[in-house]
Amino acid sequence: MKYTVVLNGCSRNIYSQAEETASFVAENLGSAPPGRCILFYSDAQNKEELIALSPAESLLLVKVKQRDPEYYLSLLTGLLQNDTSSLYLFPGDLCGSELAIRLAHRLGGSSLAAVEKIEEDGEELHCYKTVYSGYLRAQLSLRQKPYCLSIARGGDTRRCRKAVKVLKFEELDATGFEKGSPLGEPEYEEEANGGLELEEAPFILVAGQGVNSREKITRLKEIAAEMGATFGVSRPVAMSAWAPLHSLIGVSGVITRPQLCIAVGISGAAAFFAGIEKSKYIVAVNIDELAPLVQSADVVVIDDYEAVLEELCRLIKEQPSLP
Amino acid sequence: MIAMNILVCFKVTPDLDQLPPDGWEVDRAALTVETSFVKAMINPYDESALELALRFAEDAPGPVKLTALTVGDRSADRYLKMLYALKFDRAVRLETGADLRFTPEGIAAAIAAFVSRNPHQLIIMGRQSGVGDNAATPLLAAEKLGWPCIAHVTEIRSLQEDLLKVRAQADDGFLSYAARPPLVAAVGNVPHAYLRVPTLKERLGVREKKVEIVAAALPAEEGAGCTLTGLDVIDRRRAGLKIEGATPQEKAGALYELYLKERLAKL
Amino acid sequence: MSLTREQIVEQLVGILGEDNVVTDEAVLRQSSVDRFRRFEELHGVFTQPLPAAVVYVHSTAEVAEVLKFAHKNLINVVPRTGQTATEGGLETAVANSIVVDGSRMNKIIKLDTYNMQATCQCGTPLQVLEDQLRALGYTTGHSPQSKPLAQLGGLVATRSIGQFSTLYGGIEEMVVGLEAVFPNGHIARIKNVPRRAAGPDIRHVVIGNEGALCFITEVTVKIYKFMPENNILLGYTLDRMKTGFEILRQVMVNGYRPSVARLYDPEDADYHFSHFSEGRCVLIFMAEGPKAIAEATAAAIKEIVARHPECQEVDSRYIQVWFDNLNWDASDVAEERAEILETKNIGNTTEISADWEKINVIYEACVERIRREVPDMTLVGGHSSHSYINGTNLYFVHYYNVVDCKPEEELTKYHLPIKTIIVEETLKAGGAICHHHGVGKYRTPWIDQEHGSAYYILETLKRAFDPRGIMNKGTIFKG
Ligand SMILES: Cc1cc2nc3c(=O)[nH]c(=O)nc-3n(C[C@H](O)[C@H](O)[C@H](O)COP(=O)(O)OP(=O)(O)OC[C@H]3O[C@@H](n4cnc5c(N)ncnc54)[C@H](O)[C@@H]3O)c2cc1C
Ligand SMILES: Cc1cc2nc3c(=O)[nH]c(=O)nc-3n(C[C@H](O)[C@H](O)[C@H](O)COP(=O)(O)OP(=O)(O)OC[C@H]3O[C@@H](n4cnc5c(N)ncnc54)[C@H](O)[C@@H]3O)c2cc1C
């Protein structure tokens, strides 16, 4: 199956985009002929570094002047008019998942978001993804080519990243391109570290609604810092604006993959759990023995989180070799 | 001044977190799960969309007409009536009788067809809802209408007549647009956006208002769609080892000594 | 001469040590109110006099020392444990009060499965006790919605009641013995016996005292075999509350004891059961206990309901899922707070009781008056959740949008007028104005009317046990 990977090199999460798609390609398209990658970038980017990130042997670097999805979409629609790929792969981030669905429509194909795995089967492509807010896994079959898929985030990116040598390299300067949509160019506001730090963190502390006030969340954030953990929260906490949006973990936020995750005051709804599922080791602290997370953690403490975390923090800080 | 017509699309979904672990039983033949016993709610993203629309209407310099639309069954009617009480001008339900779980194409087509018969300039809807988890309907609606679309929206304001300020989450920050309608806004995570509650008086005031129920056939199995061919419960169980101890401090101590110390050292 | 704030704190530190005396301003503010004033609290507005300190006690002896000190120096004391009080019982009505927190007295002293009783300290969360009992195959039978938060001291002090009360009774039927400390430092232990006729039942001086007579330090409750496998849930929708009350009455009068017997009016049902109630009332039963009894009870209920053709049975799975998600823990409280702050929509409850003849009269009068007289209401409804042979309770639920008023005016504009209506109509009909949340501080104005000529007995208790009036001023007793 001929495939093309599309990456957004203007975004600072480009590394995880590249790793995620490379690992998906390695696991699902190992036997397919070498694919192609289209990578958008703007001036400020380090080109050499971007080239090294390509998950495919053939690379098209497209220099752009705008970094919004609507712009990419117009550009792609033009670029791919005569392309013969039957599969377009996008990372599972906000931009990629939007582009996949909309591009499929423009190319007359079919699409699916957050796909974990694919199997080609004659005239069909079977795709696996979680549904029912993360409680179930569905097999959904697509028939109409080209297939435009965004990948489920948080794939096991470290395991199968093998260096791909770019054999064919092209460049395109699209800075003169007008997207022809009434949407003006957006202003971009950078966030200090966005969710990127959380995504990469080896050790995270996550707080849920059981930590029931802004003050207590703030205290836990301090504890996280003292323990050397990156801090994240569940959706209700972020929706109360007790913590910034980029620290939201779960299907609506960041998918983490730490070595160690300590989750306190979190019930463990599937939509949340998807965000810590890739953790090597999960510790849950909950007063309720029946909370779903108690079953999905490696080790649990059934108690009030406050005293437990204060003490844990003290013990970790006392340790001579801080993480 | 001509009123700006805003369409807000929403979906009523079961609150799946209420289903007990042993309640997840897949009917192998029909590929369904019985969820009708759990409480229904407005999909959280759509709830934000509805509230954003109400705030937009309150603050807009010109007149605004709000239409609430759902594609779904009669379980949505009580929410539509509530939206009348919250000053939505129209509350419409497209009745299809179809299985809507994995048909974002069809739902988007139904929405687009509605808009072509009932002109609107702005569509606001949640980015994703919790049974199909398709995350596609607003995007496809925009494509079908040929409208621009902004996804992961966190804020919509009126800058001046016919010019909107839309803020959206991006992967490494935020994008702020000055946009002119028509536009589809797919609402993402919006802090502080619980839907307001109508008073009894407001509800009484609209008691006679009828939800507009329109029969709509979903376009027959479009090629672009997908077919559900399998459905399985995900087993997420891990060891769940319980730490014993008389006090929280003792438990923290045991947790640290037995399970964390070494792991932390290796980080 | 009364002591200054600093002197009070200093002496408390002398009694309990620095670690157990909290004077942090934020804590004091939080400790000056309970859920009754949570709208103010959420907005960071505190209108009540600040206490001098919150103190943590660890033993009965410490409680006695603190009370003696307060007694001697005329300092108001507010006992507390789980802090789920809803009626102002935790408000510090007097400046420089001492809030005595028993939550760290949380040992389970004995689970006696031979004599079927469990003894624990006042700060034991009911959930913890219940979990340990269930692991052994037993239960207290007590299951208030606040089970994850409330603790035994408070549960006894408020005469609380749980969802299974129609079988197990309220807390007063569960407590077999207890220990309490009186203002003069006297420690009274009421021994655990099955029954006695050794004068009036003195347990009832302590149970329901809301911290206005004594501090409860230890409680022994009955336990029962836990047999959830025999539970049978039944659910119905129906048109009229009147029919529902009549069914409840027939079930009780004919000698059946379901553990759960609940009747929701259409508004309240819409709030909880909109996915199946379709604008009707909802009636719920659970039969439990030994298999044969559970089955016989369920069969009898079915037969009684069948005589009322307007009842339509619903799948019991609706009821099961609702039941599994019913209780409130800290995270639910957090979620509620976030919602109130954003939507300015807040809900409260008022619970009363009356005999079968009067209950529907009160229900109709209250709902009608609140709707008519109080502005900005978003929900006025209620349910009956605890039935007896001679009558039942009504749990009014009232939600409103707080419009055009300062946080500190919310009470006078909405909450108090609603309470007043419910109390007035209940007194008029001859019901009881407090069914299970206690009197707190906002139903005290009517406490003498509630008791009539019997108020003499109640009032005398206060004079006898708290002659200097240092216990939780304004709670239950006037002035
Ligand atoms: C479409 C959709 C997408 C969603 N996306 C996400 C998402 O990305 N991320 C996300 O998080 N959610 C998401 N949700 C919401 C999700 O379904 C849950 O509602 C949410 O995760 C619950 O958050 P929580 O565990 O913090 O709170 P709760 O479910 O309220 O759990 C709080 C827990 O704290 C415990 N607790 C209370 N007090 C204490 C204490 N003192 N000490 C220790 N423990 C205590 C309680 O026992 C309870 O288990 C989504 C929902 C939908 C429908
Ligand atoms: C969500 C929610 C649901 C609820 N559901 C129920 C229900 O189903 N049934 C029910 O009956 N109630 C219910 N309540 C009310 C409340 O939970 C009960 O009144 C409970 O008994 C209070 O226990 P607590 O430990 O929280 O006491 P607190 O709130 O700490 O105190 C309550 C009162 O008792 C006094 N007191 C506390 N400890 C002592 C002591 N050791 N000695 C003397 N006096 C003391 C206090 O001064 C105060 O007046 C509910 C409350 C909430 C918030």
Side-chain angles (χ1 to χ4, degrees), chain A residues 11-13 68 70 93-95 97-98 101-102 105 110 112-113 131-133 135-144 181-184 186-191 194 202-203 239 241 245 248 252 259-260 269 273 281 294-304 307-308 311-312 315 321 323, chain B residues 16-17 21 24 26 33 102 130-136 139-140 143 148-152 169-180 189 191-192 223-234 236-243 248-249 251-253 255-256 259-260 263-265 267:
Chain A
S11 175
R12 281 176 300 135
N13 72 341
D68 57 306
E70 192 76 35
D93 60 0
L94 301 182
C95 181
S97 55
E98 177 180 352
I101 305 285
R102 298 181 68 186
H105 190 272
S110 51
L112 218 48
V131 296
Y132 281 78
S133 287
Y135 287 98
L136 302 180
R137 179 167 287 111
Q139 178 187 314
L140 291 154
S141 304
L142 302 180
R143 239 171 261 119
Q144 188 124 325
S181 114
L183 271 189
E187 236 169 76
Y188 169 63
E189 280 167 61
E190 181 174 319
E191 261 190 309
F203 175 23
M239 292 301 105
L245 260 191
L248 160 54
S252 329
Q259 296 296 309
L260 177 59
F273 194 74
Y281 201 72
V294 169
Q295 297 262 313
S296 316
D298 293 287
V299 45
V300 299
V301 176
I302 303 298
D303 213 315
D304 185 83
V308 176
E311 176 70 3
L312 195 59
L315 291 170
S321 62
Chain B
L16 296 174
D17 295 342
W24 289 100
V26 177
V33 171
F102 302 102
V131 171
D133 287 325
N134 300 299
L139 308 173
L140 291 170
E143 290 302 317
C149 174
I150 301 176
H152 317 292
Q169 212 181 345
D171 291 294
D172 57 351
F174 287 89
L175 296 173
S176 285
Y177 296 83
R180 281 180 205 289
N189 298 315
H192 296 307
C226 61
T227 320
L228 179 69
T229 43
L231 199 58
D232 287 292
V233 179
I234 302 176
R236 297 207 162 88
R237 274 171 303 180
R238 296 193 184 199
L241 219 68
K242 247 164 245 151
I243 307 256
Q249 287 75 16
K251 292 179 195 169
L255 171 69
Y256 178 69
Y259 303 101
L260 296 187
R263 286 194 167 80
L264 283 165
L267 285 182

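Only heavy atoms go into these numbers, but all of them, side chains included; no hydrogens, no water, no symmetry mates. Note on naming: letters A, B, ... go to the chains in the order of the sequence lines (proteins, then strands), and numbering restarts at 1 for each one.
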Inset, instruction - Could you check B/Leu231, B/Asp133, B/Val131, B/Leu16 and say which one makes a side-chain contact (heavy atoms from CB on, under 4.5 Å) with A/Leu136? - result: B/Leu231
Legend entry - Heavy-atom contact with chain A under 4.5 Å, split by part of B/Arg263: side chain
Legend entry - Engaged part of B/Phe102 at the chain A interface, taking heavy atoms whose separation is under 4.5 Å: side chain
Inset, instruction - Against chain B, label A/Glu98 side chain, backbone, both or neither, depending on which of its atoms sit under 4.5 Å from a heavy atom there. - result: both
Inset, instruction - Could you look at B/Leu255 and say if it's the side chain, the backbone, both or neither that has a heavy atom under 4.5 Å from chain A? - result: side chain
Inset, instruction - Check each atom of B/Ala136 against the heavy atoms of chain A and say whether the ones under 4.5 Å are side chain, backbone, both or neither. - result: both
Legend entry - Check: A/Gln139/B/Thr229 side-chain N/O donor and acceptor closer than 3.5 Å: yes
Inset, instruction - Quick one: list whatever passes side-chain contact (heavy atoms from CB on, under 4.5 Å) with B/Glu143, sequence neighbours left out. - result: A/Leu73, A/Arg102, A/His105, A/Arg106
Legend entry - For B/Tyr256 against A/Leu312, the heavy-atom pair lying closest together: CB-CD1, 3.9 Å
Inset, instruction - With a 4.5 angstrom heavy-atom cut-off, could you sort out which part of B/Pro21 is near chain A: side chain, backbone, both or neither? - result: neither
Legend entry - Closest non-hydrogen atom pair between B/Cys226 and A/Leu140, with its separation: SG-CD2, 3.9 Å
Legend entry - Non-hydrogen side-chain atoms of B/Tyr177 and A/Asp68 separated by less than 4.5 Å: yes
Legend entry - Contact origin within A/Ala138 toward chain B - heavy atom pairs under 4.5 Å: both
Inset, instruction - Could you list the residues that satisfy salt bridge (charged side-chain N to carboxylate O under 4.0 Å, His left out) with A/Glu189, not counting sequence neighbours? - result: B/Arg167
Legend entry - Lys/Arg N to Asp/Glu carboxylate O, B/Asp232 vs A/Arg137, below 4.0 Å: no
Legend entry - Residue B/His192 versus chain A: region with a heavy atom under 4.5 Å: both
